[in-house]
Structures are given as C-alpha cells and as structure tokens.
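We count ligands from 1, going down the list as the structure has it; atoms in each ligand are counted the same way.
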Amino acid sequence: MANNWEEIDTYAKVWIKEAGERIRASFPKTLNVHAKSNPNDLVTEIDQQTEQFFIEKIRGNYPDHRILGEEGFGDNIDQDSGVIWIIDPIDGTMNFVHQQRNFAISIGIYENGKGKIGLIYDVVHDELYHVRTGNGVYLNDRKLPALNKAAVPEAILALNATWVVENKRINHELLIPLVQKVRGTRSYGSAALEMVYVATGRIDAYISLRLAPWDYAAGILMVEELGGQATTLRGDKLDIINGSSVFVSKPGLHQEIMRNYLKDGKW
Ligand code: 2AM
Ligand code: CA
C-alpha cells in the first residue's frame, strides 16, 4: 500500500509536540544522568523515555516502518530500504543537562534513502521547524525564504573548538585559515539547531567532524530544500545509515570553502 505522507506528517507533528511537552514537564524533576562512552557523552532517562515514546507511536500506527534511534531502542538498520524514522530524542544532551535549553528533538523520515519529512523541535522556545521535501520549510506557521548566497568574509561559521585544536579526525591546521577569514564563529552544541540556524540564515555554515545520522537526518533536508548544501567535509553525499563529518552551508559558500580551504576534499 502506498504511504499516506499527509497523514504521516500530521502524526509526526502531533507526536513531536507531545514529546516536547513531556520534556518541559520534566524540568522541575531531578535528572538521572549517565555517561555513555566517555564523561562527555551523556544520556538521561528523558532521552530514553522520549525515544521509547516515539517508538510506541510509530509501531502502533506504522508497523512496517523501521526506526533508527540514538538510544538504541529502535531497529538494527544496515540498509536504507522502506520507510525509516531517524530519531534523536534530545540533540544537545549536554546542554539539556547543564542549561535546560539549546537542545532539540530531531526526526528525519526517509523512504528508500530519499528524504521525505524533517522535523526539528526547539522545545524550550516552542519552535517547530518542518520540511516536507518539495513543499518548503516552515518555522511554526511561517514559510522560510530561500537562502541567499554568502561569502567567507561576511560569514558566521558554527564549529566546535575541538576541531581547531589537535584531534583525531582532521589536521586542525587546515581549519585555522578559515576560522581567521570568516566574520565570526559560534558553537551552540546541538547539531540539529546549528543546521536550523543555517536554514534560517542566522548563521552561514556549520562544520562538524563527527556526527551520527540522527544528528543531521532532519536538518540536511531543510538546508537543501532552501537551496543550501550538505555534504561530508570531503564533499561526499551524506549517508543516513553511517555517520560522518558534516559541512552544511549557504549557496556559493560551500564551493568557496571546499575549493579554498578544504582543498576540494583532497586532504
Ligand atoms: P547529542 O547531544 O545528541 O549527543 C555537539 O557538538 C553535537 O554533536 C550534538 O549535536 C551532539 O549530539 C553531537 N555529538 C556529540 N558526541 C557525538 C558522537 N560521539 N557522535 C556523533 N555525534 C555526537
Ligand atoms: Ca541525542
């Protein structure tokens, strides 16, 4: 049976709002925080409960859809056939724990590897960013305009300071000239929000050397829908099953940075 995308879209919006309401209701409670792989990799019971909330809703309504979730309650997925919901229940968990702000729920829905719906919910500001590919990007009820071209000297670049000191993923010296030439740098600590900030034009580009599909599955659909570009730092297509580096940018700026600062990916 063909998928009813209108209906899936309606449900996804209702569920993400309800999940956000539950997260807001959790603020007065004491959090149980655990470190996952290392002391900076945090998870709370709210991350886990939120992912389980979505899984219950999706399984109840769409038993043939599959789920790729950060907290691991979904399916084991190694190929992109069928409908896949890619869920980060809380993107920016460190911010959630330390600040109770600057985090978002991120959901990308793909069919046979093609992006259909993206939702990023800034829970604290009650701002829902939404794309149905081919139908535009909305911030709540407001349609966002297409992105303008940008150039390096006028650009604000979001990136984490980790990548401009010695690290395992990139020769950090490669990024120093770029950091020196842009108008300014920012770091928000939530990849989903950083991509939404590119989509709204609040910043011009975002770089990370290590992200997982649930961090970018929704955001890249919004940036691309508005004429921006999203690739790995080497310029390759992003994979929704395996994570990678990510370079998201306004039109024009992507080519300029690839060519003049990232040596067209040949580093
Ligand atoms: P998270 O909060 O969902 O873990 C912080 O700069 C951004 O990078 C956040 O979006 C964070 O997502 C993500 N991030 C942090 N550690 C990561 C890891 N080990 N792999 C992939 N993404 C990570
Ligand atoms: Ca997360």
S.K.: Have W163 and H172 got a donor and an acceptor in their side chains that come within less than 3.5 Å?
M.R.: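 Judged by distance alone, the side chains do not pair up.
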S.K.: Using a 4.0 Å heavy-atom cut-off, which part of N95 comes near ligand 1: side chain, backbone, both, or neither?
M.R.: neither
S.K.: Among all protein non-hydrogen atoms, which one is nearest to atom 2 (O) of ligand 1, and what is the separation to 0.1 Å?
M.R.: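 Result: G92 N, 2.7 Å.
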S.K.: Determine, using heavy atoms of G243 and all atoms of ligand 1, whether some pair is separated by less than 4.0 Å.
M.R.: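 Checking ligand 1 against G243, which is what was asked, there is no heavy-atom contact under 4.0 Å.
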S.K.: Considering only non-hydrogen protein atoms, determine which one is nearest to atom 6 (O) of ligand 1 and report residue, atom name and distance to 0.1 Å.
M.R.: N160 ND2, 3.7 Å
S.K.: So with a 6.0 Å cut-off around CD of E166, is the heavy-atom count from everything else above 12?
M.R.: no
S.K.: Examine T93 against ligand 1 and note whether any of their N/O atoms are separated by less than 3.5 Å.
M.R.: yes
S.K.: Closest non-hydrogen protein atom to atom 20 (N) of ligand 1, residue and atom name please, with distance?
M.R.: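 The protein heavy atom lying closest is R210 NE, 3.8 Å.
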S.K.: State, with a plain yes or no, whether a side-chain heavy atom of I176 is found less than 4.5 Å away from one of Q180.
M.R.: yes
S.K.: Under the criterion side-chain contact (heavy atoms from CB on, under 4.5 Å), I'd like the reasoning laid out for Q229 against V248: C-alpha separation, chi angles, the key distance, then a yes or no.
M.R.: CA-CA 6 Å; Q229 281 163 287; V248 169; over 6 Å; no
S.K.: Please report, to 10°, the angle around the Ca ion (ligand 2) from atom OE1 (E70) across to atom OD1 (D88).
M.R.: 90°
S.K.: How long is the span from the OG1 atom in T232 to the CG atom in D239, to the nearest 0.5 Å?
M.R.: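 If I round to the nearest 0.5 Å, the distance is 10.5 Å.
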S.K.: May I ask you to list the atoms of ligand 1 that are less than 4.0 angstrom from any heavy atom of A212?
M.R.: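 Heavy-atom distances to A212 below 4.0 Å select 21 (C), 22 (N).
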S.K.: Between the side chains of D204 and K149, is the shortest nitrogen-to-carboxylate-oxygen separation below 4.0 Å, so that they form an ion pair?
M.R.: no
S.K.: With atoms numbered from 1 as shown, which atoms in ligand 1 lie under 4.0 angstrom from a non-hydrogen atom of S190?
M.R.: 10 (O)
S.K.: Just to be sure I read this right, does ligand 1 sit under 4.0 Å from the backbone of E70, its side chain, both, or neither, counting only heavy atoms?
M.R.: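 Answer for E70: side chain.
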S.K.: Mind checking whether Y206 and L157 have side chains closer than 4.5 Å, heavy atoms only?
M.R.: no
S.K.: In this structure, does ligand 1 have an atom that sits under 4.0 Å from one of the heavy atoms of D41?
M.R.: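 Flag not set, D41 not near ligand 1.
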S.K.: Between Y188 and Y197, does the ring centre distance come in under 6.0 Å?
M.R.: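 Yes, the ring of Y188 comes within the 6.0 Å limit of the ring of Y197, centre to centre.
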S.K.: Does E194, backbone or side chain, put an N or O under 3.5 Å from an N or O of ligand 1?
M.R.: no
S.K.: Return the residue, atom name and 0.1 Å-rounded distance of the protein heavy atom closest to atom 3 (O) of ligand 1.
M.R.: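 Result: D88 OD2, 2.9 Å.
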S.K.: Below 3.0 Å, any N, O or S contact between I90 and the Ca ion (ligand 2)?
M.R.: yes
S.K.: Distance below 4.0 Å between atom 9 (C) of ligand 1 and any protein heavy atom?
M.R.: yes
S.K.: To the nearest 0.1 Å, how far is atom 23 (C) of ligand 1 from its closest protein heavy atom, and which atom is that?
M.R.: D215 OD2, 3.8 Å
S.K.: Using a 3.5 Å cut-off on N or O atoms only, is Y206 in polar contact with ligand 1?
M.R.: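 No, there is no polar N/O contact under 3.5 Å.
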S.K.: Check whether any side-chain heavy atom of I107 lies under 4.5 Å from a side-chain heavy atom of W85, and answer yes or no.
M.R.: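 They are in contact (side-chain heavy atoms under 4.5 Å apart), so the answer is yes.
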S.K.: Where is the nearest protein heavy atom to atom 11 (C) of ligand 1: which residue, which atom, and how far?
M.R.: D91 OD1, 4.0 Å
S.K.: Any nitrogen or oxygen of G189, side chain or backbone, less than 3.5 Å from one on ligand 1?
M.R.: no
S.K.: Looking at every heavy atom in both S244 and L238, which two are closest together, and how far apart are they?
M.R.: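 Looking at all heavy atoms of both residues, the closest pair is OG-CD2, 3.4 Å.
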S.K.: Restricting to non-hydrogen atoms, name the atom on N167 and the atom on I170 that form the minimum distance, rounded to 0.1 Å.
M.R.: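 Closest pair (atom of N167, atom of I170, distance): OD1-N, 3.0 Å.
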S.K.: Does the plane of the ring in F96 sit parallel, tilted or perpendicular to the ring in F103? Use 30° and 60° as the thresholds.
M.R.: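 Ring orientation of F96 relative to F103: perpendicular.
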S.K.: Using the ring of each side chain (for Trp, its six-membered ring), is H254 parallel, tilted or perpendicular to F247, with breaks at 30° and 60°?
M.R.: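 Answer is parallel, since the angle falls under 30°.
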S.K.: Return yes when I90 approaches ligand 1 closer than 4.0 angstrom through a heavy atom, no otherwise.
M.R.: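 Contact present.
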S.K.: Backbone, side chain, both or neither: what part of L211 comes under 4.0 angstrom of ligand 1, heavy atoms only?
M.R.: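 Within the 4.0 Å criterion, L211 contacts ligand 1 through backbone and side-chain atoms alike.
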